[in-house]
Protein chains: 2
Amino acid sequence: MNEPHPTRPDYEAELRKTGVRITRPRKVILSILSDAGDHPDALEIFKRAVEIDSGISLSTVYRTMKLLEEIGAIHRHAFEGGPSRFEPAGEEHHDHLIDIETGDVIEFHSARIEELQEEIARELGYDIVRHRLELYGRKRRAGRSARGG
Amino acid sequence: MNEPHPTRPDYEAELRKTGVRITRPRKVILSILSDAGDHPDALEIFKRAVEIDSGISLSTVYRTMKLLEEIGAIHRHAFEGGPSRFEPAGEEHHDHLIDIETGDVIEFHSARIEELQEEIARELGYDIVRHRLELYGRKRRAGRSARGG
DNA sequence: AATGCAATTGCAAATCGTTTGCAATTAGAG
DNA sequence: CTCTAATTGCAAACGATTTGCAATTGCATT
Ligand SMILES: [Mn+2]
Ligand SMILES: [Mn+2]
Ligand SMILES: [Zn+2]
Ligand SMILES: [Zn+2]
């Protein structure tokens, strides 16, 4: 076995399938995406890429992100304020909690909320094509008020 | 009686209270916001303003929107794709359903979803400071599949 | 392995929404 | 009416992203 990573999508295969050339810059960017545990923006991806191959340009990062987004291989998130941030599209659907102090992104999922969204849209006569649920918050200060654990 | 509008916030009062000058451009912009039933962007507000007073500049619109946002008089929404869109802050909290075909914005509110968001954040050890819930959809095509009403 | 050409690249310049410096204007306190 | 600080319009700057273009490269073909 020689897949790029365990439980990570095989981007190169996905690309070839779409008739897209596997170039040096793309290889680098794809590997970065594959083992990104976070939600990096284009500039961050570019920095990590330069570390591997100094010849890569920011334009190519942008172009590649757009390409990957179009073929559905990654998701683009436009969180408040900053630039777009990306993540592999492999995982199940989830929404995000953004730590407004650190910028950290925490993933969560609520089947109940998803249902309610559908219900609301239906009542309004709409079909949901996509949605965006983002919670912006800060770590609760360690000061349990009630009988907290 | 001579309030600007029924059930609409009195912006001028709110501004004076903050020690801000009531200028001609501001008066115009404020009146536009007061009776905007939609969620206009800066350029749209600018166009409506020019119709009333041709001397107004787009910069002033932007500056005024920022000012109003800072004192909490309006809310800024960065819906997918387009520029920021604004609305008076008077109403109760609500979220938005955006018609991806027309750009129309429909407001809705779900107490249940709001609760669930709180619950999720709490479990993750966070306090929600603000959130964003946007549904992007299209009008359901009038073709009831099942025993629908 | 060498050829050929379309796909892809890096770079610089362009784009879009928004912000900002600055000199001219104006609100509004005295 | 005076005075000054706040506000304005304008043009130039901005940050993120996209694009035109000539040079390079992947890769299907000999
Ligand atoms: Mn995620
Ligand atoms: Mn609204
Ligand atoms: Zn969701
Ligand atoms: Zn809400």
Side-chain angles (χ1 to χ4, degrees), chain A residues 11-32 39-71 73-86 103, chain B residues 11-32 39-71 73-86 103:
Chain A
Y11 284 124
E12 299 201 11
E14 194 158 354
L15 278 177
R16 272 183 219 286
K17 209 186 324 173
T18 326
V20 170
R21 288 187 183 171
I22 308 301
T23 65
R24 191 145 158 47
R26 281 181 183 158
K27 270 202 178 87
V28 174
I29 293 170
L30 292 174
S31 82
I32 289 167
H39 297 73
D41 60 36
L43 188 57
E44 176 60 32
I45 293 170
F46 170 67
K47 284 175 186 160
R48 297 182 194 179
V50 166
E51 209 125 314
I52 302 172
D53 176 345
S54 63
I56 289 166
S57 84
L58 185 51
S59 299
T60 297
V61 173
Y62 276 114
R63 275 193 279 238
T64 303
M65 299 325 284
K66 175 170 276 222
L67 175 74
L68 293 176
E69 190 188 3
E70 278 165 6
I71 69 177
I74 63 172
H75 290 312
R76 171 193 303 264
H77 300 293
F79 297 139
E80 235 184 53
S84 293
R85 299 173 64 165
F86 308 89
Chain B
Y11 283 122
E12 300 201 9
E14 192 158 355
L15 277 177
R16 273 183 219 287
K17 210 186 321 172
T18 326
V20 170
R21 289 187 183 170
I22 308 300
T23 65
R24 191 148 160 46
R26 280 180 184 161
K27 270 203 178 87
V28 174
I29 293 170
L30 292 174
S31 82
I32 289 168
H39 297 72
D41 59 36
L43 188 58
E44 175 61 30
I45 292 169
F46 170 67
K47 285 176 186 160
R48 296 181 195 178
V50 167
E51 210 125 314
I52 301 173
D53 176 344
S54 63
I56 289 166
S57 83
L58 184 52
S59 300
T60 297
V61 173
Y62 276 113
R63 275 193 278 240
T64 302
M65 300 324 286
K66 174 170 275 219
L67 175 74
L68 294 175
E69 190 188 5
E70 277 165 8
I71 69 177
I74 63 172
H75 290 314
R76 171 193 302 264
H77 300 294
F79 298 139
E80 235 184 54
S84 293
R85 299 172 64 165
F86 308 88

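Since this is a predicted model, take the numbers as computed values, not measurements. All chains are named by letter (A, B, ...) in the order of the sequence lines, taking the proteins before the strands, and each is independently numbered beginning at 1.
- Atom CZ in B/Phe46 sits roughly 14 Å away from atom P in D/dT8 (whole-Å rounding).
- For the atom pair A/Ile29 CD1 and A/Tyr62 OH, the distance stands at 12.0 Å (nearest 0.5 Å).
- Closest contact between the side chain of B/Arg76 and the listed nucleotides C/dT8, D/dT8, C/dT18 involves C/dT18.
- The distance between atom CG of B/Asp53 and atom P of D/dT7, rounded to the nearest whole Å, is 17 Å.
- The pair B/Lys47-B/Glu51 does not count as a salt bridge, with every side-chain nitrogen at least 4.0 angstrom from each carboxylate oxygen.
- If you take CZ of B/Arg85 and P of C/dC16, they are 19 Å apart, rounded to a whole angstrom.
- Nearest-nucleotide positions on DNA chain C for B/Asp41 and B/Arg21 put B/Asp41 closer to the 5' end.
- One finds no side-chain N or O of B/Ser84 lying less than 4.0 angstrom from the OP1 or OP2 phosphate oxygen of C/dG17.
- Nearer to the 5' terminus of DNA chain C, by closest-nucleotide assignment, is the contact made by A/Arg24 (compared with the other of A/Arg24 and B/Val20).
- Between the P atom of C/dA7 and the CD1 atom of A/Ile71 lies a distance of 16 Å, rounded to the nearest Å.
- For residues 57-66 of chain A, proximity to DNA chain D is found at A/Ser59, A/Tyr62, A/Arg63, A/Lys66, defined as any non-hydrogen atom under 4.0 angstrom from a strand atom.
- Backbone-only contact: B/Gly55 has heavy atoms under 4.0 Å from sugar-phosphate atoms and none from a base.
- A donor-acceptor contact shorter than 3.5 Å links the side chain of A/Arg26 to the backbone of A/Arg21.
- As rounded to whole Å, 16 Å separates atom P of D/dA16 from atom CD of A/Glu80.
- Spacing between atom NE2 of A/His77 and atom P of D/dA16 amounts to 19 Å, rounded to whole angstrom units.
- At least one side-chain nitrogen or oxygen of A/Arg26 sits closer than 4.0 Å to the OP1 or OP2 atom of C/dT9.
- Screening B/Arg76, B/Lys66, B/Glu69 against B/Ser84 for a side chain to side chain donor-acceptor pair (under 3.5 Å) leaves a single residue, B/Arg76.
- Here the CD1-CZ distance, from B/Ile45 to B/Arg85, works out to 10.5 Å after rounding to the nearest 0.5 Å.
- The distance from atom CG of B/Leu43 to atom P of C/dC16 is 12 Å, rounded to the nearest whole Å.
- With rounding to the nearest 0.5 Å, the separation of NE2 in A/His39 from NE2 in A/His75 is 10.0 Å.
- Taking CD1 from B/Ile74 and OG1 from B/Thr64, the interatomic distance works out to 9.0 Å, rounded to the nearest 0.5 Å.
- Rounded to an integer number of Å, the gap from B/Glu44 CD to C/dC16 P is 18 Å.
- The side chain of A/Ile56 lies closest to C/dG10 when the candidates are D/dC27, D/dG9, C/dG10.
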